[in-house]
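Comments concern the structure below.
None of the values given here were measured: they were computed from a predicted structure. Note that these values count all heavy atoms, side chains included, but never hydrogens, waters or copies made by symmetry.
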Amino acid sequence: MFDLLSVLLISSKAEEFRASGGAIRVLAAPKSVDPAACERLAATDGVARSGAVEERDPVTVDAMPGLKVPRYSLSAGVAALLGIDVIDRPGFYLASDLAAKWGLQSGSVVATDAGRIELLGTFDYDETDGRDPRFANAFIDIAALTSASECWAEIWPTAGSNYDGILQAAVSSDAVLTADIQVFAFNPGVRVGADGYREFKDRPSRYVLVAVMTITFVVAAAGSLRRRLEMSSNLHAGATRFDLVMVTVLEVLISLAVVAVSATAIVAWSLRMLLPSAAGQLFPAYVSIILLGMLGGLLGAVAPIAFQSEEQLFRTFKRRA
């Protein structure tokens with residue numbers, strides 16, 4: 001359970017990092033990005049999703065004639081990154097907070113200088129967590145772009161700048177030498193959770209296997225030592241050391257089996273409730289820890305028998321006399 005809670009904490013931080021856009025890298029090259037090449041980056045190992053962005057002319061809403069609203073066209077890859085449920089018909093999307101501020105909902109029609117446009121849907125976009133704030137107050141449409149100025153790529157699970165060189169493959173071949181290329185983090189304000197693999201590898205609970213075997217060995221050995229008078233009596237009565245070992249193993253196995261079955265059931269239930277996505281990977285590891293804990297208990301119960309002798313019985317009676 002200690003290890004499971006440690007992994008859950010690491011996983012939660014990693015998912016929070018990813019949800020806030022911390023794993024997204026942005027390549028900016030004005031009018032020089034090939035949208036098709038950008039989308040193909042998602043086929044690269046380590047790139048979860050990718051897509052292109054192009055800024056369009058601002059839109060003026062008839063109800064707010066003094067306000068020019070930015071407008072961006074996205075490819076399907078960026079729409080997926082933002083969690084937009086794409087509807088295949090003309091229209092636009094808004095951040096949910098902006099839609100609520102304007103009193104709009106899916107299906108609303110907005111009159112603009114570009115004509116009447118339907119709001120197809122909204123998406124959550126927190127502009128307070130450090131991410132690029134542009135899309136929090138902009139019209140968004142999904143289009144088949146022929147050229148773009150940005151390529152977004154979510155690098156996961158190996159988040160960071162190691163893939164910046166690969167992102168440059170999205171630059172049009174005729175603009176590679178002339179384009180002003182910059183690569184930066186979509187959300188530079190979030191750091192915690194960026195390297196979940198290192199945190200997992202260095203977690204304190206990784207020593208749980210040694211701890212479990214040590215604890216079960218010591219507890220079982222202490223139990224056998226408390227029965228040293230009984231074992232000395234059995235030796236005096238004619239039992240062999242092998243007999244003591246077999247009886248002790250059978251007795252301890254019954255106790256350990258009850259504990260192991262209970263522990264396995266608790267671990268399986270906890271994994272299903274807390275980390276269902278990782279249950280298939282973690283459950284075999286945790287079962288192996290339980291089995292090795294049983295082995296430690298068996299060894300601990302049997303080890304003191306090597307030091308038992310009939311003399312223990314005689315010494316005990318002499319002390320009582």
Side-chain angles (χ1 to χ4, degrees), residues 13-58 70-84 93 95 123-199:
K13 291 193 295 184
E15 287 303 321
E16 183 179 349
F17 172 84
R18 189 179 186 184
S20 63
I24 299 175
R25 301 290 293 178
V26 178
L27 177 142
K31 305 296 183 182
S32 301
V33 170
D34 180 347
C38 178
E39 289 277 346
R40 285 196 298 270
L41 291 178
T44 306
D45 288 342
V47 180
R49 286 173 290 193
S50 63
V53 176
E54 177 63 18
E55 184 174 4
R56 304 295 191 186
D57 293 334
R71 177 189 171 193
Y72 294 91
S73 292
L74 317 179
S75 69
V78 178
L81 280 175
L82 295 178
I84 297 176
Y93 302 84
F123 58 97
D124 293 331
Y125 198 87
D126 185 1
E127 61 178 326
T128 65
D129 64 0
R131 71 179 67 192
D132 188 335
R134 292 177 297 169
F135 292 175
N137 299 281
F139 282 99
I140 304 296
D141 63 71
I142 313 303
L145 301 174
T146 56
S147 66
S149 295
E150 295 179 17
C151 178
W152 293 17
E154 184 182 41
I155 313 300
W156 192 256
T158 53
S161 58
N162 297 334
Y163 283 71
D164 286 0
I166 294 177
L167 261 66
Q168 297 194 27
V171 178
S172 301
S173 56
D174 57 352
V176 170
L177 299 178
T178 59
D180 179 16
I181 301 172
Q182 297 180 353
V183 182
F184 51 88
F186 173 73
N187 188 346
V190 60
R191 300 289 182 186
V192 178
D195 195 350
Y197 175 74
R198 181 187 58 77
E199 292 185 29

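- Taking each heavy atom of W156 and A14 in turn, the nearest pair found is CH2-O, 3.5 Å.
- Looking at Y125 and I140, their side chains never come closer than 4.5 Å, going by heavy atoms from C-beta outward.
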Could you walk me through whether E127 and N137 pass side-chain contact (heavy atoms from CB on, under 4.5 Å), step by step? CA-CA 9 Å; E127 61 178 326; N137 299 281; 3.7 Å; yes

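- The main-chain N or O of I142 is never found under 3.5 Å from a side-chain atom of S73 such that the two would form a donor-acceptor pair.
- Between L145 and R56, the shortest heavy-atom contact is CD2-NH2, 3.3 Å.
- The two residues V78 and G51 make their nearest non-hydrogen contact at CG2-C, 3.2 Å.
- Under the side-chain contact (heavy atoms from CB on, under 4.5 Å) criterion, D129 pairs with S20, D126, R131, N187, not counting sequence neighbours.
- Interatomic distance, E54 CD to D141 CG, rounded to the nearest 0.5 Å: 11.0 Å.
- You'll find the side chain of Y163 stays beyond 4.5 Å of the side chain of R25, heavy atoms only.
- Taking CG from L74 and OH from Y93, the interatomic distance works out to 10.0 Å, rounded to the nearest 0.5 Å.
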Which atom pairs, one a donor and one an acceptor, fall under 3.5 Å between side chains of residues 170-182 and the rest of the protein, sequence neighbours left out?
residue	atom	partner	partner atom	Å
S172	OG	S32	O	3.2

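- The CH2 atom of W152 lies 13.0 Å from the CG atom of L27; values are rounded to the nearest 0.5 Å.
- D132 is linked by a salt bridge (charged side-chain N to carboxylate O under 4.0 Å, His left out) to R134, counting only residues two or more places apart in sequence or in another chain.
- Between A52 and A148, the shortest heavy-atom distance links the atoms CB-CB, 3.7 Å.
- Considering only residues two or more places apart in sequence or on other chains, P70 meets the side-chain contact (heavy atoms from CB on, under 4.5 Å) condition with Y72, A138.
- The minimum heavy-atom distance between F186 and G21, with the atom names listed, is CD2-O, 3.6 Å.
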Identify each donor-acceptor pair in which a side-chain atom of residues 37-50 lies under 3.5 Å from a protein atom, sequence neighbours left out, and give them as a table.
residue	atom	partner	partner atom	Å
E39	OE2	S75	OG	2.4
E39	OE2	G77	N	3.0
T44	OG1	L41	O	3.1
R49	NE	E154	OE1	3.4
R49	NH1	A80	O	3.3
R49	NH2	E154	OE1	3.2
S50	OG	C38	O	2.7
S50	OG	E39	O	3.3
S50	OG	A42	N	3.2

